[in-house]
2 protein chains.
Amino acid sequence: MNTDEVDRLVAAWRQERPDLDVEPLQVLSRVSRLARHLDRARRAAFAQHGLEPWEFDVLTALRRAGKPYELSPGALLRATLVTSGTMTNRIDRLAQAGLVRRRPDPEDRRGVLVSLTAAGLDRVDAAFEDLLRRERELLAGLGPQEQRTLAGLLRTLLAPFDK
Amino acid sequence: MNTDEVDRLVAAWRQERPDLDVEPLQVLSRVSRLARHLDRARRAAFAQHGLEPWEFDVLTALRRAGKPYELSPGALLRATLVTSGTMTNRIDRLAQAGLVRRRPDPEDRRGVLVSLTAAGLDRVDAAFEDLLRRERELLAGLGPQEQRTLAGLLRTLLAPFDK
DNA sequence: GTCTACTGTCTTGACGTCGAGATATCTTTC
DNA sequence: GAAAGATATCTCGACGTCAAGACAGTAGAC
């Protein structure tokens, strides 16, 4: 079993605070670190398609909604976990870039509906394929059974958050 | 096996892009989500001690260094993966808050050494204990053996990044 | 010793996010 | 049908980060 950065981190803490049980770090520090590396991989994948991660997040939410690829800003901010001010700003820039379109909601005059343009659909589909390619490489160190085990353990940890 | 948010995400993608193998999302989307929840838990733990996550990151790096809890800004930015401009700003504010101290490096006139004050040491120790408490709760759904399995699988995924 | 390349830290300007609040509209209750 | 509260979106100012570059000091080659 090779030692990695987190093993060194844990060893340093044991040295400095031998009174504490730092085992939780073995799992959770690795989760944080892996997430950071994953962010980089995502950024790289999207850059090839001229997209920023935040752009992908929004386009992807629309893409997953299925035809006609249209959601309200409210639905988008719930899907992407950002605040409303941020979402307004994002939609502005995506519309500027020609990737989404805004139109008034015919059923609610307070509301707006945001939809993918043809260009937005093409971009997000291409970027998503690239992302999956890179994610597969990232997971190449694990066999199919190990991946399922890992997914299962992570699901257990996430369960309390899905209320 | 209960279905969670990620299962729904994967199901939506299978519906929309049945031509793609989206299995990687089962692992990696969960890693990202768990990291987000972990960030919140950290934020909450630190807030009780009047610390922001970024403050904790810096103080912690100094704490782990052991007596005399002193590192250069360069060492700190490598430990925390931020840019030098960011680190300058962080040290400024931590010094302002009385949690760290800056002094010229006696061996290198370009250099500076940053060390924990007594107040900084107390704060970071208390916050760290709180963090571990919360992390343990987060992991409560898994038994000790499962946690070790999970840590091992994550270590395998991280190995390629530790150069 | 001097030139050149490197290192360590700080400065600056642009950017994206957040949080609070403003505005308009819808819904519920009486 | 009017008032009160809820909801949807947008506006604005503050903040922390980054990237690029400025500046001072060090180290190696000759």
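To find a chain, count down the sequence lines: A is the first, B the second, and so on, and within it residues start at 1.
Between Arg109(B) and dT26(D), a side-chain N or O to OP1/OP2 separation shorter than 4.0 Å is present.
With hydrogens and angles disregarded, a donor-acceptor distance shorter than 3.5 Å links the side chain of Arg93(A) to the backbone of Asn89(A).
When rounded to the nearest whole Å, the span between CD of Glu55(A) and C1' of dT17(C) equals 15 Å. Put simply, CD on Glu107(B) is 11 Å from P on dT26(D), counting in whole angstrom units. Look at CG on Asp105(B): it is 8 Å from P on dT9(C), rounded to the nearest Å. Per the geometry, CG belonging to Asp39(B) stands 16 Å off P belonging to dT17(C), to the nearest Å. Here dT9(D) presents its P atom at 8 Å from CG of Asp108(A), a figure rounded to the nearest Å. Atoms CG (Leu113(A)) and P (dT25(C)) sit 16 Å apart, rounded to a whole Å. With rounding to whole Å, Arg110(B) atom CZ is found 10 Å from dG25(D) atom P.
With rounding to the nearest 0.5 Å, the separation of CD in Gln26(A) from CG in Leu9(A) is 9.0 Å. Here CG of Asp7(B) is found 4.5 Å from CZ of Arg155(A). Values are rounded to the nearest 0.5 Å. To the nearest 0.5 angstrom, Phe56(B) atom CZ is 5.0 Å from Leu131(B) atom CG. With rounding to the nearest 0.5 angstrom, the CG atom of Asp4(A) is 10.0 Å from the CG atom of Leu154(B). Between atom CD of residue Gln147(A) and atom CG of residue Leu150(A) there is a gap of 8.0 Å, rounded to the nearest 0.5 Å.
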> In B/S/- notation, 5' to 3', how is nucleotides 10-22 of chain D contacted by protein heavy atoms closer than 4.0 Å?
Replying inline: BB----SBBB---
